[in-house]
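This structure is a prediction, so every number in the text was calculated from the model and none was measured.
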Amino acid sequence: MTTILVTGGTGTLGRLVTEKLRADGHEVRVLSRHSEPYAVDLRKGGPALDAALAGVDTVVHCASSPNGGDEKAAGHLIAAARRAGVAHLVYISIVGVDRVPLPYYRAKLAVERRIEESGLGWTVLRATQFHDLMVTFLGKLTAPPLALLPAALSDQPIEVAEVADRLAELALTTPSGRVPDMGGPEVRSVPSLARAYLNATGRNRRLLEVPLCGRTYGAFRAGGHLAPEQAVGKGTFEEYLARRFG
């Protein structure tokens, strides 16, 4: 039986990774800011982090914040993992972190590089956006009667449970470096996703595509966040909407 620490283990992804690993009979410690007995703010580190890592074989690093602090958190985690003799650090990243100049993506790429240079055995998996994040995005865009959508933009949402299963699988193998990306089953235009979301929620909105400007928008429009050659996901956006909204 392997002892595994999941950072962000109470979050959308980390919770499912934890459930999967425990169902397979492994001892799993959940690390998050407010979850005892391993309540740790990775941005601060400290003795509680060392205690959480004592005797751990593998770390699955799911904790992340779009509000900043990921690089500092990774630095503390890596240093503590070295001290504890952790054999394998698995990290979930995002498709396009090396192509889209979004600050959050740049931070994720910087964490990848820290892990690669850590001296630890490591595995990095990049995935496209989760279905629930797409619903949050579309919910904001379609709140007004006239929904303004970024023009010529597509996305490739994926089922979070499928990513969790893959992370759990990777945690139980030897360090593999950068593994193939995981993309959702379909590359879809944002208007088609918006129409599916509106149909599922029983609302009508007028959709208007609006061209934007800037390097970040250009990178998204060019498909820097997509992985059409790795469309390995099975669950579609409509299937997710049906489960969530009935």
Side-chain angles (χ1 to χ4, degrees), residues 1-40 42 48-64 70 73-74 77-78 80-95 108 111-112 115-116 118 120-133 157-185 227 230-236 239-240 243-244:
M1 184 174 65
T2 304
T3 300
I4 301 169
L5 177 77
V6 179
T7 74
T10 59
T12 300
L13 175 63
R15 175 178 53 82
L16 295 178
V17 173
T18 297
E19 291 173 359
K20 173 66 175 174
L21 290 168
R22 283 178 173 165
D24 289 342
H26 300 282
E27 179 185 343
V28 182
R29 300 177 186 176
V30 171
L31 186 147
S32 71
R33 283 180 291 173
H34 307 294
S35 180
E36 297 292 348
Y38 304 111
V40 177
L42 282 174
L49 178 57
D50 288 314
L53 284 166
V56 166
D57 304 295
T58 299
V59 173
V60 182
H61 186 27
C62 298
S64 186
D70 277 11
L77 179 64
I78 288 167
R82 284 185 189 139
R83 292 192 294 270
V86 169
H88 190 187
L89 176 55
V90 182
Y91 181 56
I92 180 64
S93 190
I94 305 171
V95 170
K108 297 286 283 187
V111 172
E112 285 188 14
I115 290 171
E116 291 168 10
S118 66
L120 300 167
W122 61 274
T123 300
V124 169
L125 170 68
R126 293 179 183 176
T128 54
Q129 304 293 340
F130 301 151
H131 287 141
D132 65 310
L133 184 62
I158 191 169
E159 177 60 48
V160 63
E162 295 177 359
V163 179
D165 286 348
R166 177 63 171 146
L167 278 178
E169 177 185 42
L170 291 169
L172 300 176
T173 62
T174 56
S176 304
R178 168 91 184 279
V179 297
D181 296 345
M182 282 192 77
Q230 290 297 134
V232 296
K234 303 299 183 184
T236 68
E239 289 169 343
Y240 170 81
R243 289 198 312 273
R244 178 160 175 178

Quick one: side chains of residues 82-89, donor-acceptor pairs under 3.5 Å with protein atoms, not counting sequence neighbours, listed by atom name and distance.
from	atom 1	to	atom 2	distance (Å)
R82	NE	S118	O	2.8
R82	NH2	S118	O	3.0
R83	NE	D50	OD1	3.1
R83	NH2	D50	OD1	2.9
R83	NH2	D50	OD2	3.4
H88	ND1	T173	O	3.2
H88	NE2	T123	OG1	2.7

* **Reported CG-to-CG distance for the pair L16 and L167, which is rounded to 0.5 angstrom** => 10.5 Å
* Applying ring-ring contact (aromatic ring centres under 6.0 Å, His included), name anything that partners H61, two or more places apart in sequence or on another chain. => Y91
* **Test item: S93 side-chain N/O and L125 main-chain N/O as donor-acceptor pair under 3.5 Å** => no
* To do: Report yes or no: does Q230 contribute a side-chain atom to a donor-acceptor pair with the main-chain N or O of P180 at less than 3.5 Å?
  => no
* To do: To the nearest 0.5 angstrom, please state how far the CG atom of D24 sits from the CD1 atom of I4.
  => 9.0 Å
* OG1 of T128 to CD1 of I158: how many Å apart, nearest 0.5 Å? -> 4.5 Å
* To do: Any chance you could lay out the side chain to side chain contact (heavy atoms under 4.5 Å, CB included) test for V232 and E162, step after step, and finish with the verdict?
  => CA-CA 9 Å; V232 296; E162 295 177 359; over 6 Å; no
* Working to the nearest 0.5 Å, report the span between CG of L53 and OG1 of T7. => 10.0 Å
* **For the student: nearest non-hydrogen atoms of V90 and A171, plus distance** => CG2-CA, 4.0 Å
* Asked: Can E169 and R166 be counted as an ion pair, charged N to O under 4.0 angstrom?
  -> yes
* Structure fact -> So CZ of R29 and OG1 of T18: to nearest 0.5 Å the spacing works out to 13.0 Å
* Output, in order, the C-alpha distance, side-chain angles, deciding distance and verdict of side chain to side chain contact (heavy atoms under 4.5 Å, CB included) for L170 and V60. => CA-CA 9 Å; L170 291 169; V60 182; over 6 Å; no
* Asked: Who are the side chain to side chain contact (heavy atoms under 4.5 Å, CB included) partners of S35, not counting sequence neighbours?
  -> T10, V30, S32
* **Heavy-atom closest contact (L5 atom, A52 atom, distance)** => CD1-O, 4.2 Å
* Asked: Which heavy atom of A231 sits nearest a heavy atom of P185, and at what distance?
  -> CB-O, 4.0 Å
* To do: In sequence, state the C-alpha distance, the side-chain angles, and the governing distance for K108 and E112, and then conclude on salt bridge (Lys or Arg N to Asp or Glu O under 4.0 Å).
  => CA-CA 6 Å; K108 297 286 283 187; E112 285 188 14; over 6 Å; no
* Asked: What closest approach, in Å, do Y38 and A51 show between heavy atoms, and which atom pair accounts for it?
  -> CE2-O, 4.4 Å
* Structure fact -> Tightest non-hydrogen contact, residues A63 and G8, listed as CB-N, 3.6 Å
* **L42 CG to I78 CD1 distance, which is reported to the nearest 0.5 Å** => 11.0 Å
* Specify the closest pair of heavy atoms between E239 and K234, including all atoms of both residues, with the distance to one decimal. => OE1-O, 4.0 Å
* Asked: Are the side chain of S64 and the backbone of C62 linked by a donor-acceptor contact shorter than 3.5 Å?
  -> no
* Structure fact -> Exactly one candidate in T58, L21, D57 meets side-chain contact (heavy atoms from CB on, under 4.5 Å) with L172; the answer is L21
* For the residue pair Q129 and I94, establish whether any side-chain heavy-atom pair is separated by less than 4.5 Å. => yes
